Amino acid sequence: MKNDDTVARGLAQAESTKTIEVGRGVLADSGRILADTLLAGGRPALLVADERTWAAAGAAVEERLRRAGARLAEPMVFPGSPTLYASYDNCEEIRERLRETGALGVAVGSGTVNDLVKLASGELRQPYAVVATAASMDGYTGFGAPMTRGGLKITMPCPAPLAVIFDLDVAAAAPRPMAASGYGDLSAKIPAGADWMYADALGVEAIHPLAWELVQGGVREALAQPGELAAGVPEAYEGLCSGLVMSGLAMQVARGTRPASGAEHYFSHLWELDHLGAELDPPLSHGFKVAIGTLAMTSFHERFLARDLAGLDVDAAVGRWPSWEEIERDIRGTMSGPLIDKGINETREKYVDADALRVRIDRLVESWPRLRSRLRDQLMPAERLQRMLGEAGAPTRPEDIGLSVDDVRQAFPRAMYYRSRYTVLDVARELGWFEEITEEVFAPGGVWT
Ligand SMILES: [Zn+2]
């Protein structure tokens with residue numbers, strides 16, 4: 001795993017997670033690890049899995065727990081097909097079983113199983129642990145669980161796991177699209193980091209040094225072997241698995257999602273709200289949507305960096321700056337349904353008046369030479385990232401996830417208005433460059449044209 005001292009400091013500052021074991025063969029130690037952490041008080045364990053993850057790791061964990069002398073409730077194994085759904089009904093079923101048995105939950109699986117046990121345990125105010133079975137997303141160590149309740153998909157608050165066990169051999173044996181999804185989610189940390197650099201440099205949201213180090217410290221290395229990941233080489237999973245786990249840990253340390261997501265994630269959230277690929281089994285993954293958002297944003301960052309800020313006419317930019325009323329009107333024309341009110345509320349939080357804008361632009365111009373070179377080190381050419389995503393088996397074009405190029409183009413202003421988080425999209429808008437750069441992303445010579 002990455003620098004042990006950084007991880008130790010991360011665990012010390014994390015709200016919930018106190019033990020992380022990532023490595024080859026750690027499944028064999030799962031009984032002892034769980035007995036020493038989650039089950040140290042002598043309560044029984046309730047293993048929760050679906051048929052596939054039970055076969056991949058659940059039975060082995062049960063066996064190891066038995067040998068470690070742990071008490072076990074009858075495991076809950078959901079059907080493997082159709083794919084288990086993160087619905088509140090399933091969560092309630094697990095919660096009631098936990099209550100009846102007095103057991104502590106051990107999720108054995110990937111995103112959905114983990115989210116269900118996380119929320120069920122959170123509602124009972126008791127800790128849980130997860131034995132991860134696929135490198136599919138960075139939610140293992142994160143707080144909160146996306147859940148469908150009454151037909152609506154919402155992220156419900158609940159604490160992260162006490163312990164995380166991630167065996168690289170298990171991850172490498174999981175269905176290939178899962179690691180490709182995780183690869184997409186991890187690639188997002190590149191433009192997300194660049195977004196945070198802008199927010200930091202402009203005094204909007206300071207970089208949290210430890211959270212930054214946890215996420216960004218090993219991300220390039222972790223993304224460096226897409227072909228080996230696709231081939232299922234266990235050693236190549238070290239960086240991906242620990243990178244995903246560290247992202248969640250960083251969110252705990254920073255008490256927010258900023259370390260792990262920027263505007264690229266808003267593309268994914270918007271498509272999720274449009275139910276993109278929801279009819280598929282398994283449904284279109286988070287990481288696949290994020291991969292396209294990441295390429296869109298990496299291209300946008302690239303075009304921004306290619307511009308000459310030194311020649312900017314600050315008076316003209318400030319003179320063009322719309323009033324709040326004009327922006328609100330634009331949001332009404334850009335967003336639809338309940339997203340209109342959300343967009344207005346979120347965008348109002350980051351709106352500044354013309355005087356404050358001038359201060360901000362002056363600050364940007366002044367810090368630009370240094371900031372630009374740091375951004376160049378942070379970012380990766382969009383074309384290269386596209387090639388790497390392709391080698392990992394992740395989507396590289398809008399059509400790969402059932403979208404047109406124009407759908408992605410239209411998502412840019414929606415992504416900008418979707419959240420109060422300050423990103424390069426806001427910087428571009430404040431300089432009066434937003435529309436032009438968006439067009440450039442789709443001009444000939446871009447990743448999709
Ligand atoms: Zn994500």
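Computed from a predicted structure; not experimentally measured. For this chain, numbers begin at 1 and follow the sequence in order. For ligands, and for the atoms within them, numbers begin at 1 and follow the listed sequence.
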query = Taking all non-hydrogen atoms of both residues, which atom of L65 and which atom of A45 are closest, and how far apart?
reply =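 So the two residues come closest at CD1-CB, 4.2 Å.
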inquiry  = Does either side chain, that of S404 or that of D407, offer a donor lying less than 3.5 Å from an acceptor on the other one?
reply    =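 Per modelled atom types, S404 and D407 side chains form a pair under 3.5 Å.
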ask   = Is the Zn ion (ligand 1) less than 2.8 Å from an N/O/S atom of D138, whether that atom is in the backbone or a side chain?
value =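 Within the cut-off used here (under 2.8 Å), D138 places no N, O or S atom near the Zn ion (ligand 1).
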message = Of all the N, O or S atoms in D185, which has the shortest distance to the Zn ion (ligand 1)?
response =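 Checking each N, O and S atom of D185, the shortest distance to the Zn ion (ligand 1) belongs to OD1.
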key: the Zn ion (ligand 1) to H286: nearest N/O/S atom name   =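 Nearest N/O/S atom of H286: NE2.
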ask   = Is it true that the NZ or CZ of R303 lies under 6.0 Å from the centre of F412's six-membered ring and within 45 degrees of the ring axis?
value =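 No, R303 does not lie over the aromatic ring of F412.
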message = Looking at R409 and D406, is there a salt bridge between them, counting it only when a charged N and a carboxylate O are closer than 4.0 Å?
response =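 Yes, charged N to carboxylate O under 4.0 Å.
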